[in-house]
Amino acid sequence: MEWLDYAGTEEQQMMRDVARELARERLAPAAEEYDRSEEFPWTIVKEIAAADLFRVFIDEEFDGMAGGMSIHNMALVTEELSWGCGGIALSFAATALGTLPIIISGNDGQKKKYLPRIAGGTIAAFALTEANAGSDAAGIRTTAKKDGDGYIINGTKQWISNGGEAEIYTVFAMTDPSKGARGASCFILEKGMEGFGFGKKEDKLGIRGSTTRELVFQDVRVSEENRLGREGTGFMTAMKTFDMSRPGVAAQACGIAKRAVDEAVSYAITREQFGKPVAANQGLQFLMADMAMKTEAARALVFATAKYIDTHEKRSTKFSAMSKCFASDVAMQVTVDAVQVLGGYGYMKEYPVEKLMRDAKITQIYEGTNQIQRDEIGRALVKEASREAR
Amino acid sequence: MRIIVLAKQVPETTEVTVDPETGTLRREGVPAIVNPFDTYAIEEGVRIKERLGGEVTVVSMGPPQAEAVLREAISVGADKGVLVTDRAFAGSDTWATSCVLAAACRTLGFDIIIAGKQAIDGDTAQVGPGVAMHLGIPQVTYVRRIDQIDGEHAVVERLLEDGYEVVETPIPALFTVVKEVNEPRLPSLRGKMAARKAEIRRLTADDIGVDSKRVGLEGSPTRVMKVFSPPKRSGGEKWEGLEPSEAAQKLVCTLRDSQVI
Ligand SMILES: Cc1cc2nc3c(=O)[nH]c(=O)nc-3n(C[C@H](O)[C@H](O)[C@H](O)COP(=O)(O)OP(=O)(O)OC[C@H]3O[C@@H](n4cnc5c(N)ncnc54)[C@H](O)[C@@H]3O)c2cc1C
Ligand SMILES: Cc1cc2nc3c(=O)[nH]c(=O)nc-3n(C[C@H](O)[C@H](O)[C@H](O)COP(=O)(O)OP(=O)(O)OC[C@H]3O[C@@H](n4cnc5c(N)ncnc54)[C@H](O)[C@@H]3O)c2cc1C
């Protein structure tokens, strides 16, 4: 199927091609196996790294790509990989998510220390959510207590993508619990630090090619150099991270939706009922037309937002929330419809579309549920209008 | 280690048609790719370089568009591409092709040469061995694994129909590889960028010092009489339930009747 092309520069065309070939040749053929075993896809992650794809969201001076940190690049690669497998692709996208706090709030020394490693394929993770703090992220209870020239971290994080597999973690903890959201700070932790352990690995509905684990901190000592930005700026770092990462979730949703359309249409032209291909029925053609149209509309919003982020200093909260919310809703509808196009076969694990439906669901939940996205969009609209009225 | 990989551009389809007039392959309009066996040769060269250091130079003989093969090789880790190209080479058979490639290798200098087992169009599997003969160096064909290699010698496994043999050879040497030898990597982003920028060196008959009368159609000792698809092998006959002595007698009679013995 031909899709609108958002690879602008020659470099972007190359990264799209590299990611597309990996998705076709490696991710797609392995997707079913990892969906069943729920193992971490190390062999494929190493190939993603060897293909230099972890460089696309990192500045050239830190061993990344010419043209600098780009959300557009990150979204292009995420979309292609997600076409192959939304779960395996998350090893890449969650690394970008875990890296953004360093890019946004890190000082030069911290960037020099961590970004080249990530560019070369060391994977990262982002740890905000806790059992009692999901949508209400300001309610986190993990603490970082000042101790001499460092901090002692205690607490438990829940549902961390790449948890246990990643080497580098950006972790949010309260340095001053009395201040609420203004009392949070962000720290860089590394696997292997004393007192930093891992809890249970989750058994999930979808994106089973991704690992989701608990992180446990028991008196983990970190130095001040591990703190990103000033004390109390952690929450701001998290919010700015989401502005940049949500188009990534949206791109993941677009990749899954594209795959659903591709699978549905190619099935519909071969399956015959009443003596003709089911695709010859206008009723089914209209359904497929809507699927393709919604997917293209979502992609247009996502890439327009990505370009906005790359070219504006201003925060993109409203557009980022729109693209994540819209694209994930589209992915959910389109994958449910793809199962419908395949009929009973679509419901069977032997065919790839039921997995797409299970994988699509997470995009409406993580990095802020779609209720939270609509909340953010609404608040931004009201704020802008009130400012203009003044 | 100076590693040369020989790679040929071939038509994508295995269903190439033959010009009934000239008996040569019709290549027009068919998309061109790197000969699949040569992708394993390139990967093996790059792996040896990654282990031992050195440089991988990929050499192809062909028309100007064969440059695409060399850029593709660079995108998966080769360092340089050299296109051996000259009007005088047109119509070369395997002898002439080997002669040209050998001269190019001699000009460039090497420690080892790696070729594919065979090309999917010509399919002769003669060019690798031919190059080794022209250069007067040892050759090991059908290599499925390189166990050990250093500046002095190599120990390799050679695939046979019913197993494999372990061969030790001094270096310089030429190897032809089968697809069991490795799993080729996919192109990387930096590789693609390097491939786009790379200068592809071109060598002509003069540059490599071959007499243009000894290559091309004129220099090719082979004359194609006819190109045709061989008849399908028929099923053969099976005799069952005979005593060994009866069977032996029947076999001898049959062979005698068909004038085999
Ligand atoms: C597979 C997976 C991977 C994840 N990976 C990570 C990760 O790498 N790092 C990380 O930090 N977190 C991660 N998360 C956590 C994820 O971001 C949270 O699950 C998400 O933010 C929602 O929080 P919750 O699940 O606690 O839902 P809750 O906050 O308990 O929400 C429950 C329901 O209430 C609704 N709701 C809540 N508040 C409001 C409101 N104000 N208005 C309207 N409706 C509301 C929600 O939309 C939802 O429908 C992951 C989660 C999953 C499932
Ligand atoms: C009897 C005969 C007559 C022919 N006559 C003509 C003719 O008149 N006109 C014509 O155009 N062709 C002709 N050919 C085809 C041409 O000679 C062969 O395609 C060429 O010599 C390579 O042989 P092959 O394809 O069998 O390669 P193989 O010997 O099967 O290839 C083995 C390996 O050698 C290397 N190799 C082979 N060719 C090249 C190359 N060009 N560059 C770099 N590496 C290479 C590769 O590593 C390859 O994997 C003829 C072939 C035969 C057998």
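Because the structure is a prediction, the values reported are computed rather than measured. Letters A, B, ... are given to chains in the order of the sequence lines, protein chains preceding strands, and every chain is numbered from 1.
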Do A:M14 and B:R190 have side-chain heavy atoms sitting under 4.5 Å apart? no
B:L186 vs A:V18 side-chain heavy atoms within contact, under 4.5 Å: no
Residue from A:V56, A:D63, A:D17 scoring the most non-hydrogen pairs under 4.5 Å with chain B is A:D63
Any idea which of A:E25, A:R55, A:E47, A:M15 has the most non-hydrogen atom pairs under 4.5 angstrom with chain B? A:R55
For A:A50 versus B:S188, what's the shortest heavy-atom pair and its separation? O-CB, 3.3 Å
Value rounded to 0.5 Å, distance of [atom1] in [X] from [atom2] in [Y]:
X	Y	atom1	atom2	answer
A:K46	B:R185	NZ	CZ	14.5 Å
A:R16	B:L189	CZ	CG	12.0 Å
A:E11	B:K192	CD	NZ	13.0 Å

What part of A:E21 lies closer than 4.5 angstrom to a heavy atom of chain B: side chain, backbone, both or neither? both
Evaluate whether atom [atom1] of [X] has more than 12 neighbouring non-hydrogen atoms of other residues, nucleotides or ligands under 6.0 angstrom away.
X	atom1	answer
B:K49	NZ	yes
B:K179	NZ	no
B:Y164	OH	no

